[in-house]
Amino acid sequence: MSTALIIILVLAFFIFMSSFFTVKQQSSVIIERFGKFQSVRNSGLQLKIPMVDRLAGRVNLKIQQLDVIIETKTRDNVFIKMKVSVQFKVIQDKVYEAFYKLEYPHDQITSYVFDVVRAEVPKLKLDDVFERKDDIAVAVKRELNEAMSTYGYDIINTLVTDIDPDIQVKNAMNRINAADREKTAAEFEAESSRIRIVAKAKAEAESKRLQGQGIADQRREIARGLVESVEVLNKVGINSQEASALIVVTQHYDTLQSIGSDTNSNLILLPNSPQAGSDMLNNMVASFSASNQVGEMMKKNTKKIEKQKPTQHQSGYEDDIQPDVQQ
């Protein structure tokens, strides 16, 4: 076998083998013939004409995700950064449109996301952006579906995964939240204090009521005991007036005895009858008057004594001289 024949056979073998190719699961292959679209081949072993057909490209049919970060402004003039995640895939029946009509699908999707978000977010305040992020995601999905279905793309879902305001705005929001929580805590503490005060007042009122009831019962028993004492004294010939006086005197001395038995007592007993005040005043006036009289008398006696001392000295001197003169 000549060398030329071997070379021809080898080339024929490689040409034959090149006419077979495989397509992976969840993907499609575009076949062109002399630069013109020929067919779309799906997963499995496929055949093409060597030197005539060629593999123009492969299209991924799996669900893909594109993260788009957008900076925009809210209605209350707060700049925020939003992260929108778009999940999409190529429709299997529209592989031709996805491959030939759109060259850069990621850029196209990013442009639509920017357009929708910057149209929706400026209508909302910052707090509403956090509360209505799902509405923003629905609006993005609706707009993308209308635009990208023409190019063979199906938008599975859109998610607003992050909302990031400026650091100063976040600090201010944290301070507002902290102040609001402190206000709520103060309200709860005030309510708790009010409940304690009301409960204490109710307890004191109940205590006073029970104390008054106890005092009333005590006085009632004392009165009953006095009645029984008077009745016993009447049986032995003592009338009611004398019995009452005897009981009062007995109670008076019992009280004095109980006070005197306490060694640490600093109690001073004073008269407490209606006439006691005037009696005490009269006694004090009389005491002051008597003390003044005593003081005046002591002063007069002192003066008399002082006057008598020189006279006594002079008379003694004269007595001493007289005997000398007689001599």
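This structure is a prediction, so every number in the text was calculated from the model and none was measured.
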When you group the ILVMFWY residues by side-chain heavy-atom contacts below 4.5 Å and let the links chain together, are [Y] and [X] in the same group?
{"X": "Leu55", "Y": "Val40", "answer": "no"}
{"X": "Val59", "Y": "Phe37", "answer": "yes"}
{"X": "Phe21", "Y": "Phe99", "answer": "no"}
{"X": "Leu159", "Y": "Leu66", "answer": "no"}
{"X": "Ile91", "Y": "Leu144", "answer": "no"}

Residues Asp217, Arg220; criterion salt bridge (charged side-chain N to carboxylate O under 4.0 Å, His left out); working and verdict: CA-CA 5 Å; Asp217 293 340; Arg220 190 179 302 109; 2.6 Å; yes
Would you compute the distance between atom [atom1] of [X] and atom [atom2] of [Y] and round it to the nearest 0.5 angstrom?
{"X": "Glu189", "Y": "Thr184", "atom1": "CD", "atom2": "OG1", "result": "11.0 Å"}
{"X": "Arg54", "Y": "Lys48", "atom1": "CZ", "atom2": "NZ", "result": "10.5 Å"}
{"X": "Gln108", "Y": "Tyr153", "atom1": "CD", "atom2": "OH", "result": "10.0 Å"}
{"X": "Asn157", "Y": "Gln87", "atom1": "CG", "atom2": "CD", "result": "5.5 Å"}
{"X": "Tyr112", "Y": "Thr110", "atom1": "OH", "atom2": "OG1", "result": "12.5 Å"}

Using every non-hydrogen atom in the two residues, find where [X] and [Y] come nearest and quote the distance to one decimal.
{"X": "Arg41", "Y": "Val23", "value": "O-CG1, 4.0 Å"}
{"X": "Ser28", "Y": "Val95", "value": "OG-CG2, 4.0 Å"}
{"X": "Lys94", "Y": "Gly152", "value": "CB-CA, 3.6 Å"}

Trace of the side-chain contact (heavy atoms from CB on, under 4.5 Å) decision for Val84 with Thr161: CA-CA 6 Å; Val84 180; Thr161 57; over 6 Å; no
For the backbone of [Y] and the side chain of [X], can you confirm whether one donor and one acceptor N or O come within less than 3.5 Å of each other?
{"X": "Lys141", "Y": "Ile156", "result": "yes"}
{"X": "Asn171", "Y": "Ile167", "result": "yes"}
{"X": "Arg142", "Y": "Ala137", "result": "no"}

Under 3.5 Å donor-acceptor pairs involving side-chain atoms of residues 196-216, not counting sequence neighbours:
| from | atom 1 | to | atom 2 | distance (Å) |
| --- | --- | --- | --- | --- |
| Arg196 | NH1 | Ser192 | OG | 2.8 |
| Arg196 | NH2 | Ser193 | OG | 3.3 |
| Glu206 | OE1 | Arg209 | NE | 3.4 |
| Glu206 | OE2 | Arg209 | NH2 | 2.5 |

Glu187 atom CD: more than 12 heavy-atom contacts under 6.0 Å: yes
Minimum side-chain heavy-atom gap [X]-[Y] below 4.5 Å:
{"X": "Ile155", "Y": "Val86", "result": "yes"}
{"X": "Lys123", "Y": "Asp128", "result": "no"}
{"X": "Lys83", "Y": "Val160", "result": "no"}
{"X": "Val129", "Y": "Lys133", "result": "no"}
{"X": "Gln64", "Y": "His106", "result": "yes"}
{"X": "Ile109", "Y": "Met148", "result": "yes"}
{"X": "Pro105", "Y": "Tyr151", "result": "no"}
{"X": "Phe20", "Y": "Gln46", "result": "no"}

Candidate pair Val52 and Phe34, rule side-chain contact (heavy atoms from CB on, under 4.5 Å), full reasoning: CA-CA 6 Å; Val52 176; Phe34 299 114; 3.5 Å; yes
Let me have the donor-acceptor pairs involving side chains of residues 67-76, under 3.5 Å, with sequence neighbours excluded, atom names and distances please.
| from | atom 1 | to | atom 2 | distance (Å) |
| --- | --- | --- | --- | --- |
| Asp67 | OD1 | Gln65 | NE2 | 3.1 |
| Asp67 | OD1 | Ser85 | OG | 2.7 |
| Lys73 | NZ | Asn77 | OD1 | 3.2 |
| Thr74 | OG1 | Asp76 | OD1 | 2.4 |
| Thr74 | OG1 | Val78 | N | 3.2 |
| Thr74 | OG1 | Val78 | O | 3.3 |
| Asp76 | OD1 | Leu126 | N | 3.4 |
| Asp76 | OD2 | Leu126 | N | 3.4 |

Step-by-step side-chain contact (heavy atoms from CB on, under 4.5 Å) determination, Ile136 to Leu124: CA-CA 10 Å; Ile136 299 172; Leu124 306 173; 4.2 Å; yes
Result of checking Asp53, Ile30, Ile31 against Ser39 for side-chain contact (heavy atoms from CB on, under 4.5 Å): Ile31
Step-by-step side chain to side chain donor-acceptor pair (under 3.5 Å) determination, Asn60 to Ser27: CA-CA 5 Å; Asn60 187 2; Ser27 63; over 6 Å; no
